[in-house]
Amino acid sequence: MRRGKYDDYYDEVYGRKPPRKRRRRRGRGFLLLLVAVLVLAGLYMVRRGGLRVLSVPEENIETEFDVDLDALAARITPEMAVNTLGTAEAAELRSAAEETRGERARMLEFMADNIGIYSEEAYKTAIITPEKTAFALLTPFMSEQGDVSVNIELTPGEIPYLLQYDSRWAYHGYGSSYMGYTACGPTCLSMAALALTGNPAYTPPFVADWAEANGHYVPGAGTAWTLFTTGAAAFGLNGTAISAGEEDLTARLERGEIIVASMLPGDFTTSGHFILIVKSEALGFRVYDPNSMALSRQYWTYDTLAPQIAQLWSLTAA
């Protein structure tokens, strides 16, 4: 019975309002119901892998790219045309621009207007990963970066979070393309090696160069799984392929192991990808995705991750 109807009835028959104590109970019951609804909603979001956490460590992140669209337009020459995309891709970029706003919308429109100079990987990256739009837009205008000397800030006992498209090495060559597109594997191994050994030399471009020079990049396929076993040994690590259920995975993380996961198409990739699983908490697993800060700001349940995992490796200090 609705409260308004109950109050009217009570006044008519007894000539007074309900006791204050009873109203407090009704209010308390409503609050308990509200809390229960919020808890259930939170658990649902966690199960879907979509609950955001506050932050990821950003002391080693640099993603500022110098984008001046007018200046870039003036630099376009006929020789830059690759002509692998057409009107359909341009229309999809414009559709994406209509769904966003600000600088990203303008960058997507620029790519659509100049679709002839863009590769398929640049177009897909700009559509699928919004935080990489500036990186993708600049690709035709960039030359390969040479030796990259960078400083990584390390905190004992913590895993540094690094991005493969960090502006300091995003256009460093790796395999068939730039690190920003292809170096998820070396970036994952770099994060683990820096954390477990404390050696500041093991930066993503250093690991990428070593991996390619030592046969851990397969042309046409990408980073070989051997990078996390025999390759890891070159960086002072023990790398072991594992098969782990939820409890075993949690126990390994609590012992200080760092887990590399090769991911199938799903939440993290449309083809193949490497991420780190770094911590187990009450709400789920924390991951460090070298390709996405947004996905690294979420908790992930085992039930969400497991169907997308092709292989796991445990990394520990040798």
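Predicted model only: the values in this text are computed from it and were never measured.
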**Request:** Please confirm whether the backbone N or O of Tyr217 pairs with a side-chain atom of Glu212, one donor and one acceptor, at under 3.5 Å?
**Result:** no
**Asked** Heavy atoms, side chains only, cut-off 4.5 Å: are Tyr178 and Trp169 in contact?
**Response** no
**Item:** Side-chain (His172) to main-chain (Gln145) donor-acceptor, under 3.5 angstrom
**Value:** yes
**Prompt:** Taking the side chain as C-beta and beyond, is there a heavy-atom pair between Glu131 and Thr63 under 4.5 Å?
**Reply:** no
**Request:** Answer yes if Val218 and Tyr174 sit in the same cluster of Ile, Leu, Val, Met, Phe, Trp and Tyr residues linked by side chain heavy atoms under 4.5 Å apart, and no otherwise.
**Result:** no
**Asked** Do other residues, nucleotides or ligands put more than 12 heavy atoms under 6.0 Å from Glu64 CD?
**Response** no
**Prompt:** Parallel, tilted or perpendicular: which fits the ring planes of Tyr118 and Phe110, with parallel below 30° and perpendicular above 60°?
**Reply:** perpendicular
**Prompt:** Do Lys279 and Leu253 touch side chain to side chain, with heavy atoms closer than 4.5 Å?
**Reply:** no
**Asked** Is the closest side-chain heavy-atom distance between Glu120 and Glu89 below 4.5 Å?
**Response** no
**Asked** Should Ser262 and Ile309 be marked as a side-chain contact (heavy atoms from CB on, under 4.5 Å) after you check the CA-CA gap, both sets of side-chain angles, and the distance that decides it?
**Response** CA-CA 6 Å; Ser262 174; Ile309 294 173; over 6 Å; no
**Request:** Under the ring pair (Phe, Tyr, Trp, His ring centres under 6.0 Å) rule, collect the residues that match up with Phe285, sequence neighbours excluded.
**Result:** none
**Asked** Where do Leu249 and Leu305 land on the side-chain contact (heavy atoms from CB on, under 4.5 Å) test, with the steps shown first?
**Response** CA-CA 12 Å; Leu249 186 58; Leu305 291 173; 5.7 Å; no
**Prompt:** Between Asp289 and Arg297, is there a salt bridge with N-O shorter than 4.0 Å?
**Reply:** no
**Message:** On a heavy-atom basis, which atom in Thr197 and which in Gly236 lie closest, and how many Å separate them?
**Reply:** CG2-O, 4.0 Å
**Item:** Between Tyr161 and Ser296: side-chain donor-acceptor atoms closer than 3.5 Å
**Value:** yes
**Request:** Hey, can you tell me if Phe135 and Phe65 have their rings parallel, tilted or perpendicular (30° and 60° cut-offs)?
**Result:** tilted
**Asked** Closest heavy-atom contact between Val148 and Arg168?
**Response** CG1-O, 3.5 Å
**Request:** For the pair Asp166 (side chain) and Glu62 (backbone), establish whether a donor and an acceptor sit closer than 3.5 Å, ignoring hydrogens and angles.
**Result:** yes
**Asked** Between Glu103 and Thr133, is any pair of side-chain heavy atoms under 4.5 Å apart?
**Response** no
**Request:** For Ala317 and Leu196, work out which heavy atoms get closest and say how close.
**Result:** CB-O, 3.8 Å
**Request:** Considering non-hydrogen atoms only, spot the tightest contact between Phe274 and Cys184 and give its length.
**Result:** N-SG, 3.6 Å
**Item:** Inter-residue atom distance Thr125.OG1 - Lys132.NZ, 0.5 Å rounding
**Value:** 5.0 Å
**Message:** What verdict does the side-chain contact (heavy atoms from CB on, under 4.5 Å) test give for Asn60 and Val150, after you've listed the backbone C-alpha separation in whole Å, the side-chain angles of each residue and the deciding distance to 0.1 Å?
**Reply:** CA-CA 10 Å; Asn60 291 301; Val150 295; over 6 Å; no
**Complete:** Output for pair (Trp300 CH2, Ile277 CD1), nearest 0.5 Å, gives 11.0 Å
**Prompt:** Taking atom CG of Asp66 as the centre, does the number of heavy atoms from other residues, nucleotides or ligands within less than 6.0 Å exceed 12?
**Reply:** no
**Prompt:** If you measure only the distance, is there a donor-acceptor pair under 3.5 Å linking the side chains of Ser177 and Glu121?
**Reply:** yes
**Asked** Same cluster or not: are Leu312 and Leu295 linked, directly or through other Ile, Leu, Val, Met, Phe, Trp or Tyr residues, by side-chain heavy atoms under 4.5 angstrom apart?
**Response** yes
**ILVMFWY cluster, Val287 and Leu264 together (side-chain gap under 4.5 Å)** = no
**Asked** So Thr270 and Lys124, side-chain contact (heavy atoms from CB on, under 4.5 Å) or not? Walk me through it.
**Response** CA-CA 10 Å; Thr270 59; Lys124 287 184 176 180; 5.7 Å; no
**Asked** At what distance, to the nearest 0.5 angstrom, does CE of Met80 lie from CD1 of Ile117?
**Response** 4.0 Å
**Prompt:** Less than 4.5 Å apart, any side-chain heavy atom of Met179 and any of Tyr165?
**Reply:** no
**Prompt:** Linking I/L/V/M/F/W/Y whenever their side-chain heavy atoms sit closer than 4.5 Å, directly or via other members, would Tyr181 and Val82 fall into one cluster?
**Reply:** no
**Nearest non-hydrogen partners of Phe141 and Leu72, listed with the distance** = CE2-O, 3.4 Å
**Prompt:** Would you find more than 12 non-hydrogen atoms of other residues, nucleotides or ligands less than 6.0 Å from Arg255 atom CZ?
**Reply:** yes
**Fill in**
Note: Leu154 and Pro160 closest approach over all heavy atoms is CD2-CG, 4.0 Å
**Prompt:** Given side chains that start at C-beta, do those of Asn214 and Thr230 come closer than 4.5 Å, heavy atoms only?
**Reply:** no
**Request:** With rounding to the nearest 0.5 Å, note down the distance linking CD1 in Ile242 to CH2 in Trp313.
**Result:** 10.0 Å
**Request:** Decide yes or no for Leu93 and Glu109: does some side-chain heavy atom of the first lie under 4.5 Å from some side-chain heavy atom of the second?
**Result:** no
**Request:** Indicate whether any N or O donor in one side chain lies under 3.5 Å from an N or O acceptor in the other, for Tyr302 and Ser280.
**Result:** no
**Message:** To the closest 0.5 Å, what do you measure between CD (Glu246) and CG (Asp303)?
**Reply:** 6.5 Å
**Prompt:** Just by distance, do the side chain of Gln308 and the backbone of Asp267 share a donor-acceptor pair under 3.5 Å?
**Reply:** yes
**Fill in**
So CG of Asn238 and OG1 of Thr316: to nearest 0.5 Å the spacing works out to 4.0 Å
